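Take a look at the structure below.
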Amino acid sequence: MTHPKRAYLNGKIVPIEEANVSIMDRGFLFGDGVYEVAAILNGRLIDGPAHLARLKRSLDEIELRPPVSTEDLPAVMQNFVSNEELREGMVYVQITRGCDSNRAFHFPDPKIVSATMVMFVMEKKLLNSPIAEKGIKAITVPEIRWTRRDIKSTSLLGQVLCKQAAVAAGAEEALMVEDGFITEGTTSAVCIVSAEGRLVMRPVTCEILDSITRRATHRLAGEMNIPIEERRFTPSEVYSAIEVFCASASALIHGVIEIDGHAIGDGTPGPITRRLREIYLEIAAGENPVIVESIS
């Protein structure tokens with residue numbers, strides 16, 4: 001993955017080293033903001049409408065008025081991606097409540113304090129991903145985040161600590177456990193294929209993020225006539241699954257080959273995981289890279 005060279009900052013495109021935000025910005029002081037990440041292939045956003053719908057939902061949930069209208073935001077994002085000539089990778093957009101003159105916890109008057117919007121792109125291999133080919137290792141950790149995980153908030157300390165625990169254990173991902181059930185990974189939705197060949201995924205509630213890639217997986221699995229169960233599942237079920245995979249915009253669909261030292265299947269990404277990824281990429285690389293139209 002390459003480092004971004006330029007950034008969009010409040011309507012201007014500047015070198016990344018000049019993309020400066022005040023220390024009084026509420027995103028810096030409180031994590032008072034939301035963000036969105038979308039994959040880019042052939043210079044186009046994959047499932048762009050759904051990602052923008054989720055961004056709008058996050059903004060609405062925290063009563064944050066963006067500096068760019070939600071009607072204009074798709075064009076602003078695509079124009080920036082095109083301007084940066086990114087063919088394969090991801091685009092990151094973040095909107096915070098802006099720079100207040102004092103550190104008050106309540107919302108400032110939006111007529112006085114304008115929101116801050118930043119955006120950048122990063123090159124990353126999606127088509128020929130070594131992670132997808134090899135698979136990843138994961139551990140389970142206690143769920144330590146707040147209860148509104150449906151909001152894609154910039155307050156990510158819980159995920160940071162859990163991801164660091166995974167890295168310290170020699171793994172790439174941490175699967176968080178609450179009340180005896182897996183919620184999601186630090187940067188991904190988690191799906192399993194049971195011994196009966198059913199695709200099991202957790203229902204969308206405020207306990208997890210409404211993953212766009214998970215929604216795409218649900219649709220594709222249905223078209224493949226794979227039985228789908230939306231329910232909670234335990235770490236024990238994960239250990240005994242014949243396949244486990246993670247779904248995210250930054251890595252798409254990739255298999256998990258070991259969890260807490262338990263080998264999954266034969267220790268390689270399974271056939272259902274591989275086929276779902278293959279179909280996903282076929283659509284994503286096509287003329288109309290939309291699998292999920294929107295979110296409810």
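Everything numeric here is computed off the predicted structure, so don't read it as measured data.
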With sequence neighbours left out, write down each residue that passes side chain to side chain donor-acceptor pair (under 3.5 Å) with E143, or none if nothing qualifies. R145, T183

Whether the side chain of D47 engages the backbone of I291 through a donor-acceptor N/O pair (distance < 3.5 Å, no angle test) should be reported. yes

In one Ile/Leu/Val/Met/Phe/Trp/Tyr side-chain cluster, 4.5 Å: V121, I212: no

Aromatic contact between Y8 and F120, with the criterion being ring centroids under 6.0 Å apart: yes or no? no

Side-chain (D266) to main-chain (T268) donor-acceptor, under 3.5 angstrom: yes

Whether the side chain of S240 engages the backbone of S236 through a donor-acceptor N/O pair (distance < 3.5 Å, no angle test) should be reported. yes

Would you call E61 and R148 a salt bridge, using N to O less than 4.0 angstrom? yes

Ignoring hydrogens, what is the shortest heavy-atom contact between M77 and L45? Give both atom names and the distance. CE-CD2, 4.0 Å

Measure from the side-chain N and O atoms of Q159 to the backbone N and O of T187, and report whether any donor-acceptor pair falls under 3.5 Å. no

Pair E173-T186, side-chain hydrogen bond (donor to acceptor under 3.5 Å, both in side chains): steps then yes or no: CA-CA 7 Å; E173 180 61 297; T186 61; 2.4 Å; yes

Side-chain ion pair, R57 and D210, N-O less than 4.0 Å: no

Would you say R214's side chain and R202's backbone share a donor-acceptor pair under 3.5 angstrom? yes

Hey, does W146 have a side-chain heavy atom less than 4.5 Å from the side chain of I151? yes

Do we see a donor-acceptor contact under 3.5 Å between the side chains of Y280 and E282? no

Between M117 and V76, the two heavy atoms sitting closest are CE-CG1, 4.4 Å

When you check the side-chain N and O atoms of S82 and Q78, is any donor under 3.5 Å from an acceptor? yes

Polar side-chain atom of D25 near backbone of V21 as donor-acceptor pair, under 3.5 Å: no

Audit row: Q94, T154, side-chain hydrogen bond (donor to acceptor under 3.5 Å, both in side chains) steps and yes/no: CA-CA 8 Å; Q94 174 176 301; T154 58; 5.3 Å; no

Closest heavy-atom contact between C162 and V141? SG-CG2, 3.6 Å

Scanning both residues in full, the closest heavy-atom pair of V113 with C99 reads CG1-O, 3.6 Å

In terms of hydrophobic clusters joined by side-chain contacts under 4.5 Å, are I131 and V244 together? yes

If the test is salt bridge (Lys or Arg N to Asp or Glu O under 4.0 Å), which one of R198, R231, R232 qualifies with E237? R231

N-O pairing of R149 and E178 below 4.0 Å: yes

Student check: side-chain heavy atoms of M176 and I182 closer than 4.5 Å: no

I226 with I242, same ILVMFWY side-chain cluster at under 4.5 Å: yes

Ring pair (Phe, Tyr, Trp, His ring centres under 6.0 Å) between F30 and F105, worked out: CA-CA 8 Å; F30 298 115; F105 276 67; 4.8 Å; yes

Is a donor from one side chain sitting under 3.5 angstrom from an acceptor on the other, for D260 and T140? yes

Give the cluster check for M90 versus L73: same hydrophobic cluster or not, with ILVMFWY residues linked at side-chain heavy-atom distances below 4.5 Å. no

For E85, does the CD atom sit with more than 12 other heavy atoms under 6.0 Å from it, leaving out its own atoms? no

Main chain of M201, side chain of E230: is a donor-acceptor contact present, judged purely on distance under 3.5 Å? no

Got a sec: does the NZ of K124 have more than 12 other heavy atoms crowding it under 6.0 Å? yes

Looking at G31 and S155, what are the two nearest heavy atoms and their distance? O-OG, 3.1 Å

Side chains of E207 and T147, donor plus acceptor under 3.5 Å: no

Could you check whether any side-chain N or O of T273 sits under 3.5 Å from a backbone N or O of P269, counting only pairs where one atom can act as donor and the other as acceptor? no

Does K152 reach the main-chain N or O of L55 with its side chain, forming a donor-acceptor pair under 3.5 Å? no

Taking I259 as the starting point, is it possible to reach V200 by hopping between hydrophobic residues whose side chains are less than 4.5 Å apart? yes

Looking at R26 and A104, would you say the former's side chain and the latter's main chain have a donor-acceptor pair under 3.5 Å? yes

